[in-house]
S.K.: 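Got a structure for you, written out below as structure tokens; questions coming shortly.
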Amino acid sequence: MDQNFDGQIAVYDVTNCSVLTLGSFDLVAANDDEIGGSGIAPNFTVCGLTPGSTYYLMHDSRSTTATGVYSIALSEIDLNAGTSPSLTEVCSGDTLNLYNTITGYDAGGTFTDLMNTSQLLNDTTFATTVLAFSTFNFEYRLTDGCAYDSIISQVKIYGPSLAGDDGSVTVCKNQTVVLADGLTGTIDLGGTWYNPSNNAISGNSITAANIPGNYNYTYITSNG
């Protein structure tokens with residue numbers, strides 16, 4: 001059981017343990033209270049240790065007269081910020097929970113907006129409404145004292161798809177028609193045309209029917 005004894009502890013790297021003189025050992029780290037907490041017992045993270053090497057610990061009371069029971073526990077630093085897919089795609093106007101952009105992560109980390117958009121709300125929510133249709137980078141970082149693990153996730157914002165505005169074109173029977181000529185406004189290329197029976201057709205042109213009448217063709221486009 002952990003003991004909240006008011007002590008202090010130091011970690012040393014000793015080059016020659018048979019000669020403990022000034023200069024024969026290096027102080028690696030030391031602490032007398034819990035970092036990030038309220039405990040009076042030392043509790044801290046030491047970085048930069050070499051696996052397999054020998055280090056020496058010194059523990060004593062902060063008071064010259066205090067006595068009691070204390071405990072020492074050592075644990076490995078194990079931080080996992082998870083992984084991120086190559087890209088998370090959202091539509092302009094969406095509000096995105098950034099935890100949905102990473103997987104396999106340990107909780108308790110923080111997100112940082114690396115492009116300083118000022119649209120990172122409540123530390124985890126990314127609002128896209130006022131931003132350009134572009135790619136934005138975020139860092140998820142877990143920290144334990146001097147140790148940390150981080151991952152970068154990317155979010156791409158897509159603007160609305162533009163299929164143009166409704167229009168019409170008057171043609172003769174059996175005339176070749178470019179369907180886009182019947183639309184107005186801004187049109188995204190690469191969409192799909194559907195005939196009056198709602199069946200997809202290839203290309204952007206047709207041959208008009210040999211029976212007079214009104215025929216409705218639909219154009220649908222998407223940007224992902």
Side-chain angles (χ1 to χ4, degrees), residues 1-89 96-117 120-126 135-156:
M1 177 181 296
D2 291 342
Q3 302 294 325
N4 198 28
F5 180 74
D6 190 8
Q8 53 193 10
I9 195 168
V11 182
Y12 291 94
D13 182 9
V14 179
T15 56
N16 186 352
C17 61
S18 63
V19 182
L20 296 180
T21 60
L22 187 64
S24 66
F25 57 89
D26 296 316
L27 175 64
V28 177
N31 185 257
D32 60 5
D33 288 311
E34 179 184 14
I35 292 179
S38 58
I40 59 175
N43 186 347
F44 62 110
T45 301
V46 181
C47 296
L49 302 183
T50 302
S53 297
T54 299
Y55 298 89
Y56 292 82
L57 304 180
M58 182 194 73
H59 183 279
D60 63 357
S61 169
R62 291 190 61 192
S63 168
T64 57
T65 59
T67 60
V69 177
Y70 69 90
S71 59
I72 295 178
L74 303 177
S75 60
E76 182 181 6
I77 299 173
D78 185 15
L79 301 174
N80 184 9
T83 58
S84 175
S86 57
L87 197 65
T88 299
E89 300 174 332
L96 176 67
N97 185 338
L98 290 176
Y99 278 116
N100 293 332
T101 69
I102 57 177
T103 59
Y105 57 87
D106 294 336
T110 57
F111 283 97
T112 300
D113 180 358
L114 298 179
M115 302 180 73
N116 298 315
T117 66
L120 183 56
L121 312 176
N122 302 321
D123 297 326
T124 60
T125 303
F126 179 47
T135 300
F136 299 86
N137 299 328
F138 298 88
E139 179 191 53
Y140 179 68
R141 176 177 291 219
L142 285 162
T143 304
D144 183 355
C146 55
Y148 73 89
D149 188 39
S150 64
I151 188 73
I152 303 296
S153 64
Q154 292 188 311
V155 177
K156 184 173 181 178

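Hydrogens, waters and symmetry mates are skipped; everything else that's a heavy atom, side chains included, is used.
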S.K.: Between Ser84 and Thr101, is there a donor-acceptor pair closer than 3.5 Å when you use the side chain of the first and the backbone of the second?
M.R.: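 Checked: pair present.
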
S.K.: Would you please name every residue forming a side chain to side chain donor-acceptor pair (under 3.5 Å) with Thr83, sequence neighbours left out?
M.R.: Thr103

S.K.: Checking Thr117 now: which residues fulfil side chain to side chain donor-acceptor pair (under 3.5 Å) with it, not counting sequence neighbours?
M.R.: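 Thr117 satisfies side chain to side chain donor-acceptor pair (under 3.5 Å) with Asp113 only.
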
S.K.: Determine the minimum heavy-atom distance between Val11 and Leu57, stating which atoms define it.
M.R.: CG2-CD2, 3.6 Å

S.K.: Quick check: does any side chain N or O of Tyr12 sit under 3.5 Å from a backbone N or O of Met58, one acting as donor and the other as acceptor?
M.R.: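 No, the answer is negative, given that no donor and acceptor are paired below the 3.5 Å cut-off.
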
S.K.: Can you tell me how the ring of Phe126 sits relative to the ring of Phe138, calling it parallel under 30°, perpendicular over 60° and tilted otherwise?
M.R.: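 Perpendicular.
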
S.K.: What verdict does the side chain to side chain contact (heavy atoms under 4.5 Å, CB included) test give for Phe5 and His59, after you've listed the backbone C-alpha separation in whole Å, the side-chain angles of each residue and the deciding distance to 0.1 Å?
M.R.: CA-CA 11 Å; Phe5 180 74; His59 183 279; 3.9 Å; yes

S.K.: Check side chain to side chain donor-acceptor pair (under 3.5 Å) between Asp144 and all other residues, then give those that pass, not counting sequence neighbours.
M.R.: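 For Asp144 the side chain to side chain donor-acceptor pair (under 3.5 Å) partners, ignoring immediate neighbours, are Thr45.
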
S.K.: Taking Asn80 for the side chain and Asp106 for the main chain, is one N or O donor matched with an acceptor at less than 3.5 Å?
M.R.: no

S.K.: So, for Thr50 and Tyr55, which heavy atoms are closest and what is the spacing to 0.1 Å?
M.R.: N-OH, 2.8 Å

S.K.: Where the side chain of Asp149 meets the backbone of Ala81, is there a donor-acceptor pair that is under 3.5 Å apart?
M.R.: yes

S.K.: Would you compute the distance between atom CG of Leu98 and atom OG1 of Thr88 and round it to the nearest 0.5 angstrom?
M.R.: 8.5 Å

S.K.: Heavy atoms only: give me the nearest Ala10-Leu27 pair and the separation to one decimal.
M.R.: CB-CD1, 3.9 Å

S.K.: Step by step, work out the side chain to side chain contact (heavy atoms under 4.5 Å, CB included) result for Asn31 and Asn43.
M.R.: CA-CA 7 Å; Asn31 185 257; Asn43 186 347; 5.7 Å; no

